[in-house]
Structure formats: structure tokens, C-alpha cells
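These notes are about the structure you will find just below.
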Amino acid sequence: VTRVEGEKAWVRVRRSSMCEKCSSQKVCHSLTDNINMESEATNSAQAKVGDRVLLKIEPVALIKISFLFYMVPVFALLAGALIGKDIAEKSGANPEWYALLFGLLASIVSFFIIRIFANRFNKDKDCTPEIIKIIS
């Protein structure tokens, strides 16, 4: 635990070997050394700064968060590209350029949507990791 404020604690989490294969590893907020990340958690175990702890996150929350950050941009890109292609074909324009333009625009819009839902997830206790045990 790196700091504690009320019922919240910030925990230094070591990146797993799965992180090395993740295409979004540069998006994660790392600390100084690219090995550790910092995560906010509910401090149910009353951990103090310096304690090693065990974190828990509900599987349903993990699925929701993963879907939001990975699938929403993909669906937006595909939907935008299909809409752009359809508009271009009806107007006689170049469908590839319209597909590219609308796909990119839809992707940009999806990031704003993700930001809105991410803020809601931050307020949802089920989507926040929880410190369930002090290890040492």
C-alpha cells in the first residue's frame, strides 16, 4: 500500500506476464519502473502504508470493464466504416475513404463514451478492487 485516504487505499501492483502480451500495456498507468502499476482500492482490511495486501475484484466487473475498453472501440470502428461505405455508395463517392473517415470519427466518439462510462465505473463499488487481506 502506497497511501491511504479514508476508506480508499492506493496499492502498488506488480505487472503479470500477461501484461507483456497485452496490446494496451502503454495505456496502463505505470509508476517509475514499468514493472509496477498503482491501483485504487477499497480498504476493507484497514491496511496501512507499507502493508502487502491481497486484492479482489468481482469477475463480472472485470468482464464489464474489459468489454468497455476493448469491444466498444472495435464495434464503433466497424459500425462507422460500414455507415461510411453505405453513404459513399449512395452518393457515388469513394467508399474506402468514407469508410476510413467514418470509422475514425466513430472511434473518436467511442473514446468519449468510454470516458463517461469509466467515470460511472469509478463510482460503482462492485467495479473497484477491494483489499480483503493483509499479507504482511
Would you be so kind as to tabulate the donor-acceptor pairs closer than 3.5 Å made by side chains of residues 81-90, with sequence neighbours excluded?
| from | atom 1 | to | atom 2 | distance (Å) |
| --- | --- | --- | --- | --- |
| K85 | NZ | E89 | OE2 | 3.3 |
| D86 | OD2 | K90 | NZ | 3.3 |

Check ion pair K8-E40 (N to O, under 4.0 angstrom): yes
All side-chain contact (heavy atoms from CB on, under 4.5 Å) counterparts of E5, not counting sequence neighbours: R3, W10
Path from F67 to V60 over hydrophobic side-chain contacts below 4.5 Å: no
Sub-4.5 Å side-chain heavy-atom contact between I131 and T42: no
Considering all heavy atoms, the nearest V11-A41 contact: CG2-CB, 4.3 Å
Hydrophobic cluster (4.5 angstrom, side-chain heavy atoms) - remaining members for L78: V74
For I135, all residues meeting side-chain contact (heavy atoms from CB on, under 4.5 Å), sequence neighbours excluded: R52, L54
Only distances under 3.5 Å count here; give the side-chain donor-acceptor pairs of residues 96-117 to other protein atoms, sequence neighbours excluded, each with its distance to 0.1 Å.
| from | atom 1 | to | atom 2 | distance (Å) |
| --- | --- | --- | --- | --- |
| S107 | OG | G103 | O | 3.0 |
| S110 | OG | S107 | O | 2.6 |

Residue pairs passing the salt bridge (charged side-chain N to carboxylate O under 4.0 Å, His left out) test where at least one lies in residues 99-112, sequence neighbours excluded: none
Hydrophobic cluster of L77, others only, ordered by chain and residue number, side-chain cut-off 4.5 Å: none
Heavy-atom pair of closest approach, residues K48 and V1: O-CB, 3.5 Å
side-chain contact (heavy atoms from CB on, under 4.5 Å) against K56, all qualifying residues, sequence neighbours excluded: E58, E130, I132
Taking every non-hydrogen atom, the tightest pair across P73 and L68: CD-O, 3.6 Å
Within-4.5 Å side-chain heavy-atom neighbours: E7 and N43: no
